[in-house]
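In what follows, a single structure is set out as structure tokens and then discussed.
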Amino acid sequence: MTDQATDGFVPTQSKSKGASAGGALGLGKKDLRLFLLVVAMCAFAPFILNPFPEGSGLAQFNAGYPDLMQRFVIFGIFAIGFNILFGLTGYLSFGHAAFLGVGSYAGIWMMKLLTLNVIPAIIGSIVVAGLFAAIVGFISLRRSGIYFSILTLAFAMMSFALAYSVLTPLTGGETGMQLQYFDPRILDAPLPEGQTPRASLFGLEMAASYELEVGRWLFTFNAGYYIAAIAMLIAFYGSIRLFNSPFGMMLRAVKSNQNRLSYTGISPKPYTLAAFIISGMYAGLAGGLLVAMDTQVGAERMFWTASGEVVLMTILGGAGTLIGPVLGAGFIKYFENIVSKINKSVLEGWFAWMPDWMTDVTVTIIYPFVGKGWHLTLGILFMAVVIFLPGGLVQGGQKLATVLRRDRKSKDAERDAAIQRQAGE
Amino acid sequence: MDAIILQILNGLDKGSAYALIALGLTLIFGTLGVVNFAHGALFMLGAFCAVTFSRLLQVSYTFTDASRTDFLGNPLQVEVPYLYDILGESAGAAVIDWAVPISILFAIPVMLLIGVIMERGLIKHFYKRPHADQILVTFGLAIVLQEIIKYFYGANPIPTPAPDAFIGSFDFGAMIGFDAGSIVYPYWRMVYFGFAAIIIGAVFAFLRFTTFGMVVRAGMADRETVTLLGIDIDRRFTIMFGIAAAVAGLAGVMYTPINSPNYHMGMDFLVLSFVVVVVGGMGSLPGAVLAGFLLGIIEAFASMPEVLDVLPGINQIIIYLVAIIVLLTRPRGLMGRKGVMED
Amino acid sequence: YTNAPGNDTVTLGFNVPQSGPYADEGTDELRAFELAVEHLNGEGDGGMMNTFSSQVLEGNGILGRKVEFVTGDTQTKSDAARASARSMIERDGAIMVSGGSSSGVAVAVQALCQEAGVIFMAGLTHANDTTGKDKKANGFRHFFNSYMSGAALAPILAQQYGTDRNAYYLTADYNWGYTTEEAITSATEAVGWNTVNTVKTPLTQTDFSSYIAPVLQSDADVLVLVHYGGNMVNSLTNAVQFGLRERQANGKNFEIVVPLYSELMARGAGENIGGILGSQNWDWKLENQLGERYSGTNAFVQSFGTKYGFPPSQAAHTCYVQTLLYADAVARAGDFNPCAVVEALEGFEFDGLGNGPTTYRADDHQCFKDVVVVRGKENPENEFDLVEIVEVTPTEQVTYAPDHPQFAGGSLGECNPGA
Amino acid sequence: MSDIRAPEGRSEPAYFSCWDIHAYYGESYIVQGVSMNIHEGEILALLGRNGAGKTSTLRAIARAGDPEVTHGEIWLDHKPLHEMSAHGAAQSGVALVPEDRRIIPGLTVEENLQLAQIAPPHGWSIQRIYELFPRLGERRKQEGVTLSGGEQQMLAIGRALARDIKLLLLDEPYEGLAPVIVHEIERTLREIRSLGITTVIVEQNAVAALKLADRAVILDTGKVVYDDTAQHLLDNKAMREEYLAI
Amino acid sequence: MGILEVTGVNKRFGGLQALDDVNLNVEENTVHAIIGPNGAGKSTLLNCFVGRLTPDTGTVMFDGQSLIGRKPYEINQMGVSRVFQTPEIFSDLTIIENVMIPSFAKRDGAFKLSPFAAVRAETEIREHAEQMLLDVGMADKKDMDASAMSRGDKRRLEMAMCLAQNPKLLLLDEPTAGMARADTNNTIDLLKQIAESRPITFVVIEHDMHVVFSLADRISVLAQGHVIVEDDPQFIKGNPKVREAYLGDAHD
Ligand SMILES: Nc1ncnc2c1ncn2[C@@H]1O[C@H](COP(=O)(O)OP(=O)(O)OP(=O)(O)O)[C@@H](O)[C@H]1O
Ligand SMILES: Nc1ncnc2c1ncn2[C@@H]1O[C@H](COP(=O)(O)OP(=O)(O)OP(=O)(O)O)[C@@H](O)[C@H]1O
Ligand SMILES: CC(C)C[C@H](N)C(=O)O
Ligand SMILES: [Mg+2]
Ligand SMILES: [Mg+2]
């Protein structure tokens, strides 16, 4: 065969991930590094997220308290799972929150009926969400593109509407479902009247925290958070393995060209359905962990905006990348929980050192963007990220790096051209 | 029987609202291929055009009436619209009364401009981007727009009534031989229905009797080839977007007397309008209109007490149930074109 | 106990809807909270602290600690409200959480506060369950409830519209709707009214025409709209569009009733509310129109109106009162310990906070006081003066036994001081 | 390549000339300084192996968005194409018949042709195109993309002729066509030449292209390695073997 | 008894009889070429073999089993591969991944749940894919994105993908269209070599007579949906019907 010379041609970067040898845990070197980084970040999150000393003005930006740390990792799981479906197969489910919600309801019922131990609750959540996903997926995957999205949306909205109203006895409806002291809980001893049931792992309560005071800093190590973080790490590990498996490759092939895939002897449907179910189970796991950490379920977590949120998390972070969805989840949850709490008096506190009129002006300018204006900031950031970092936070970073490289290269080309021109004259 | 007629009327009217919103959405979504989550926001902006316009008409000066007091016991500040001074009190009041219909004239240029700015400034960079990116950016935009409205107008609904002449309802029952009062229908809803029919007809005529529609469809299917044929497709996309924004806006303007507008009314309608468009079939304007009416009528029937007695809660899910059934029996909705947003 | 304050400051958490349909109500609540904090810290004119029957608050904060507060957004979603409340408790060290504008949120956050060991002073929540089957020892509700609305409205409805009426209900299809519908039907049936039909409408419904139309075909002569917020604004507007207010049925004028009124909704519905009866927890004109008994009202309206330029809503009122009541209870107990606060509040009788003599019943932590029945004004003079007070139903008539069937189930449990 | 000069410096201005164009697909540097001149009414055969950059060069000339031209000038009949957008270039008389034909989905055969006549200037009437390719006339109501491969090729060429063009860029026009049709198209191209339309033809069937062409340019890895008369190349066995394997 | 037997196949698109009572018998281990004017129905016929279209009437038997009504992937699993007229590849994947997928399909069947295996560890499949790329002369591009290929390269890639499956029947729809002459010759050599080295049957559609006459053992000529001639290559060129309908007079 002729030798296809490619010198001078710059092939686009290979997408195959960490194909080289090395690494452990069945991961390539690059993936292993990423995974260890995530492990370290999870382990030290209470420090990393609490950079500002207690009582300082900037303490407002601290996110290292149990509830938010739990939310970061739990919604991270949700987004990782969503990304398995959307990032790999390109099927955009607009009803994924239904699986999270169904998982949560399953979890809380396990705690009501069986035991306050979170293990059965989490397993129950995963199983029930997986079954529900199998049904929804089986039906919805008959269609593709926007038709698929609307089918999933329809299922989720039906779930929400029913949970909020007709199914109130099962779901608690508007007020949500909570544990009660009089729940049967056949595996546990009955609680005395009026006692608050608390979720635990073999006696270790989810709410249990150890607080470490270092100077003016206060760090909280919460049992629930670490359990959720371990679940997240397992989920993340699973997703790396899945991305690099032949199964993952087939899913990417589904996204790329389903037609070719079927003429290649592969039936796309079971692959997409499997991805759908796996992704539903991830959502179920997230839902189960949510009730394990905070023992109540509100139907709103199945509303379309909740489904939209996980879509946004994934795209914002970078669909199809490993770590992107986790970053996206963190980003959105941070804004929801931190920026919404900056009120006028907090602002006034920050800028009190300015002359009065300047404080007023500054506060007036910033105030619409924080506190009750947090949605505005979030909306602006959504737009900014897609406009300036196409492909999300992760690819945005990568692109930035390549743009720098590319600049250098085109300059080289121009120089070459100039030399040629001179030679020609 | 009269109950059924009444529900058909209701369904047509609900349907005309759905159809009008879906029409605007499908111009952008089904024709330009942009998943425009800001479409609801355009509807909302249209409604607030009416609110703003009627407020502009009522710009007032104040004088202090010492003979009366306000709730704190201070002298009362009385507001008098400038319009009363300009046109005289009765004519001024009449103009203010007709604020909503008149504001159509105000809303058309405003919404066209908003549409054009939005397309030029933002959307045009997203035609080639994945749908997911379009969702993210237009959702962001929708949030920004609605937060801006919330900042200036608050979260509470703002009553924006129809002119007095249209208040009240028309007694169909008496006309067609049923008991008086058994089938009544509000005048304004009839106006809305007629208005929707006119707008839908106008958009159809425009796209049907000019090559514009064909060019835009072609441009969406293969932008590059169309440009290589010498067509400035960008300009046409901009016009299309402007029209869609204007249609959405007008739908909003006329809707204000039916339900008082609030800043999140766009989001409330958004999901529903996507469902309508998709059930109608991507890329099909008649499909969108048909689906709008179909879902409107079915929803009306599902809210009849007789139906609810048999199937409690069916009104909660009927739209989605119908959507699922339609999409499973007809692969591309009612009238969808092949290959439009199927991947 | 959890979040015991230091020697200088004490932090309260005000958790209100800042986004979503109730955002304006949340804003008004927040105004009231800020005003209360101001007064507690000895700034401003002191508001109702001057008229409050218990005079232990000195304007030096609470027990000498300056009151600070954090705010959060409930989004009117139970999940989001709990997340926000948890951050107040876990990060900001709030020792009391207050606010909210729906029963769903109130029940969810109340349960959370019970678990965490802080006090919950409910804001706007009207469903029976908050102090019924979902009551908690650490939670307190000043606002009135569905049962009270029914009990207050029924006699006045009978008096105004007669006892021979056929009522048709459109009910919001969620928990608050259910308890309110139950309360109103049983109260009106007791005065001789007949319930023709009850139809549930979805929360997400915006256009109610197809629910109104069947009313025309029924033999109803009263339409009861068990709706709140946007639902209510739209259903009422639609009902009026269909000419129900001018309608004659069974030889009588057709009437519309809205069991739970709010100033903001009234504003949203505009002129459509003219002549429509409903109930309220409080109204800013109470003292002017019904005198001394409702003292505190004017003091509050004065200081709120001076600061913000318009009269307060009942949501603002209840939030302000709840804050003062909490501070007062701490002061009386001499201790921030939630259990001490619970003890101080249980069975507490007070006056001068705008509602007349009031009791915090120990059995269910529900306040008992008069209920205001109002009617929408036909020709309001300005956008804050939309309703007129028809009558006030005295406390005795709206009081029920703690084990009343509409409140059955659940138990307060024991106060939880937390860690 | 001694006869290639900057446009200003030419003694006899060529009708079409491109000068030192460099173009990128994202990061990939594909067209690496291509220059060529064509006189009015000439046919130029642009040859080279797979991946040599022929398509990329045509696309660069037609000002399609990809590849992005970072350097160079393109002149057609004294108009600077390099300063134009794709539709501007098309209105100045450039027509590209792309290698994958790019028939517009969702449009019928006739609509595909009508589309070409929306922007000025117009060329052949649709009727005349049907006379040239009767098969298209028979299929006028059929959706364009369901045509057979060869029929699509006819449609793509017909679409170009429906515009009043000065420069026709043909990317592998014979691909997938039955020999009879190839003859047909060759005849059409001769007719087009007789109308004075300047043509660049990219073709793997080099012999066929060279028979038709006046001049030939061979590209290799994005650079011009041969630029002379077609006849000369047909005679130059070494060149042919090295770059064309024929 | 041929490996592929087509009897009485009809296919109609609206008013157009695209296939009109087509009968075809392809002998095992031969190269059978189908030629014919554009729009004759050649691709349509192939579509009926791989499950993209279902004929209105008629039967298609492969290896004694009917192909009608089977899903594309089932047909492929029976040993039928196809190269399309417009290249169908996985454009978002790298070249090597494009070739590995068919190997997986061959080894693992239509569906295998293997979320925890590692592609990295599949050395055998990778090496096989590399060999295929070497065969078609694309080994040096294996880590490029398939979308960045030139058109000729895409065609070669698709061929490699099909060959990787070692099919019993390989359907080639204009495999060398758009390929440089040198590569066309190489492809002819490659196909010949494959045909000799293992049991495989080819059905080739091609307009390049050089390719057709170099490869074909037998040729069917299709015109207007109908097989007008079926014969050995040496008789085809001279056949007046074929000259008129297809080759044109100038051809020799
Ligand atoms: N969209 C693209 N992105 C990146 N690289 C590309 C793209 N399109 C083409 N290339 C690369 O540019 C080079 C030249 O491609 P081009 O299509 O111009 O070749 P060609 O000469 O037309 O080949 P062929 O005869 O196969 O059509 C090839 O190496 C190809 O891989
Ligand atoms: N889906 C379809 N709908 C309508 N007509 C079709 C469809 N598919 C193919 N045709 C028509 O059927 C005829 C046969 O098409 P086919 O693609 O089989 O031709 P072919 O022999 O492969 O031609 P070529 O050599 O040009 O590729 C053509 O006239 C084509 O227009
Ligand atoms: C009183 C209201 C705010 C109504 C609300 N939905 C509730 O449940 O209480
Ligand atoms: Mg090419
Ligand atoms: Mg073909």
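Convention: sequence-line order gives letters A, B, ...; per-chain numbering from 1.
Annotation: maximal heavy-atom pairing with chain A below 4.5 Å, among C/L203, C/V70, C/T76, occurs at C/L203. With chain A as partner, the option from C/K200, C/E115, C/E34, C/E414 having the largest number of non-hydrogen pairs under 4.5 angstrom is C/E115. Your options are A/D294, A/L68, A/I342, A/L179, and the one with the most heavy-atom pairs under 4.5 Å with chain C is A/D294. Ranked by heavy-atom pairs shorter than 4.5 Å toward chain A, the options C/A83, C/A108, C/A111, C/G72 are led by C/A83. Among the candidates A/E336, A/K344, A/K341, A/R71, the residue making the largest number of heavy-atom pairs closer than 4.5 Å to chain C is A/K341. For the options C/L112, C/T71, C/N175, heavy-atom pairs under 4.5 Å to chain A are most numerous at C/T71.
A donor-acceptor distance shorter than 3.5 angstrom exists from the side chain of C/D79 to the backbone of A/G298, with no hydrogens or angles considered. C/Y178 places a side-chain N or O within 3.5 Å of a backbone atom of A/S165 that can act as its donor or acceptor partner.
Checked against side-chain hydrogen bond (donor to acceptor under 3.5 Å, both in side chains), C/N231 has no partners two or more places apart in sequence or in another chain. For C/T323, the side-chain hydrogen bond (donor to acceptor under 3.5 Å, both in side chains) criterion is met by no residue, not counting sequence neighbours.
Using a 4.5 Å heavy-atom threshold, the side chains of C/K135 and C/R141 count as separate. Put simply, the side chain of C/F14 reaches to within 4.5 Å of the side chain of C/L12, judged on heavy atoms. Under the 4.5 Å side-chain criterion, counting only non-hydrogen atoms from C-beta, A/L312 is not in contact with A/E309. In this structure the side chain of A/Y181 reaches within 4.5 angstrom of the side chain of C/S411, judged on heavy atoms.
Scanning all heavy atoms of the two residues, the minimum distance from A/F52 to A/L58 falls at CD1-O, 3.2 Å. Here the shortest heavy-atom pairing between A/H96 and A/A283 reads O-CB, 4.3 Å.
If you measure heavy-atom distances from C/E68 to chain A, you find no contacts under 4.5 Å at all. Heavy atoms closer than 4.5 Å to chain C are found in both the backbone and the side chain of A/T295. Heavy atoms of C/D134 lying under 4.5 Å from chain A belong exclusively to its side chain. Contacts of A/S340 with chain C are made by both backbone and side-chain atoms, with heavy-atom separations under 4.5 Å. A/Q195 does not touch chain C: none of its heavy atoms, backbone or side chain, sits under 4.5 Å away. Proximity to chain A (any heavy atom under 4.5 Å) is shown, for C/T130, by neither the backbone nor the side chain. When heavy atoms are compared at a cutoff of 4.5 Å, A/Q70 approaches chain C solely by way of its side chain, counted from C-beta outward. With a 4.5 angstrom heavy-atom cutoff, A/I338 touches chain C only via side-chain atoms. Interface residue A/T196: only side-chain heavy atoms are found under 4.5 Å from chain C. Looking at A/V297, the atoms closer than 4.5 Å to chain C (heavy atoms on both sides) all sit in the backbone: N, CA, C or O. For A/T305, the part sitting under 4.5 Å from any heavy atom of chain C is the side chain, from C-beta outward, and nothing else.
At a heavy-atom cut-off of under 4.5 Å, chain A is reached by C/S87, C/M88, C/E90, C/R91, C/D92 from residues 87-99 of chain C, listed in order of number. Heavy-atom neighbours of chain C within the stretch residues 367-375 of chain A, taken at a separation under 4.5 angstrom, comprise A/G371, A/K372, A/W374, A/H375.
For the 3.5 Å distance criterion, the side chains of A/D67 and A/Y225 fail to qualify, holding no donor opposite an acceptor. Of the N and O atoms on the side chains of C/T179 and C/Q406, not one donor lies less than 3.5 Å from an acceptor on the other residue. Side-chain contact of A/R216 with A/S56: a donor-acceptor pair under 3.5 Å is absent, judged by distance alone. For the residue pair C/D73 / C/S19, a side-chain donor-acceptor distance below 3.5 Å is found, with atom types taken as modelled.
The aromatic rings of C/H39 and C/Y320 sit perpendicular, their planes meeting at an angle over 60°, well past the 30° parallel limit.
Distance check: C/N138 CG to C/I119 CD1 gives 4.5 Å after rounding to the nearest 0.5 Å. Interatomic distance, OG1 of A/T171 versus CG of A/L162, reported as 9.0 Å (0.5 Å rounding). Interatomic distance, C/H365 NE2 to C/E346 CD, rounded to the nearest 0.5 Å: 3.5 Å.
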